[in-house]
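Scroll down for the structure; my scribbles are underneath it.
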Amino acid sequence: MPASKGQNDVFNGQIYVPDICINYKGYEIRPKLDMGRTPWLVNGRKVDSGFVVVRNLIQVMPGAIWFETVESAHKAIDALIAVNGNVDAFWKAYKRI
């Protein structure tokens, strides 16, 4: 059974997470809501929540990448802006930032 729902929480497939929307440089950082029923395993760690970057409710990151933290989503937005949305250049810029 998922953890109890707070007043402003949404269910992401595993747990309830805060229903947040963080505006950053014209993009929105929102909770990833399609985590599935079982946790992801990332470098030996259980991950049961994350964030996506959207604009006009459309996921805009190359490869539909999602992020474990708001800070890493900020970094990805900065990289996407730095390369003017060039998908091929995004990955190199993201690693540099």
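- Between the side chain of Asp34 and the main chain of Gly13, no donor-acceptor pair closer than 3.5 Å is present.
- Side-chain N or O atoms of Arg55 include one that pairs as donor or acceptor with a backbone N or O of Gly26 at under 3.5 Å.
- Val53 and Tyr24 fall within the same hydrophobic cluster, defined by Ile, Leu, Val, Met, Phe, Trp and Tyr side-chain heavy atoms under 4.5 Å apart, directly or through other members.
- The nearest pair of heavy atoms linking Glu68 to Phe51 is O-CE1, 3.7 Å.
- Partners of Trp40 according to the ring pair (Phe, Tyr, Trp, His ring centres under 6.0 Å) rule, which considers only residues two or more places apart in sequence or in another chain, are Trp66.
- When atom types are taken as modelled, the side chain of Glu28 and the backbone of Val52 share no donor-acceptor pair closer than 3.5 angstrom.
- Counting heavy atoms from C-beta outward, Ile77 and Met61 have side chains that approach closer than 4.5 Å.
- Residues Ala76 and Phe90 share a closest heavy-atom pair of O-CE1, 3.4 Å.
- In terms of heavy atoms, Leu41 sits closest to Lys46 at CD1-N, 4.2 Å.
- Using a 4.5 Å heavy-atom threshold, the side chains of Pro39 and Val47 count as separate.
- Between Pro18 and Asp9 the shortest heavy-atom distance is CA-OD1, 3.5 Å.
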(message) Walk me through whether Lys25 and Asp78 qualify under side-chain contact (heavy atoms from CB on, under 4.5 Å).
(response) CA-CA 8 Å; Lys25 297 185 178 180; Asp78 291 340; 2.8 Å; yes
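- Atom CG of Asp48 sits about 3.5 Å away from atom CD1 of Ile15, to the nearest 0.5 Å.
- Under the 4.5 Å side-chain contact rule for hydrophobic residues, Leu33 and Val54 do not share a cluster.
- In the hydrophobic cluster analysis, where Ile, Leu, Val, Met, Phe, Trp and Tyr join through side-chain heavy atoms closer than 4.5 angstrom, Ile97 is grouped apart from Ile65.
- Of all the heavy atoms in Val10 and Pro31, the pair that sits closest is CG2-CG, 4.5 Å.
- The main-chain N or O of Asp88 is found under 3.5 Å from a side-chain atom of Asn86 such that the two form a donor-acceptor pair.
- For Tyr16 and Phe11, the ring centers are positioned less than 6.0 Å apart.
- Classification of the Tyr94-Trp91 ring pair by plane angle, with boundaries at 30° and 60°, yields perpendicular.
- The shortest distance between side-chain heavy atoms of Ile29 and Cys21 does not fall below 4.5 Å.
- Here the straight-line distance linking atom NE2 of His74 with atom CD1 of Ile22 works out to 6.0 Å at 0.5 Å rounding.
- With contacts defined as side-chain heavy-atom distances shorter than 4.5 Å, the pair Tyr27/Ile81 qualifies.
- Residue Gln14 comes nearest to Met35 through the heavy atom pair NE2-O, 3.3 Å, listed as atom of the first residue, atom of the second, then distance.
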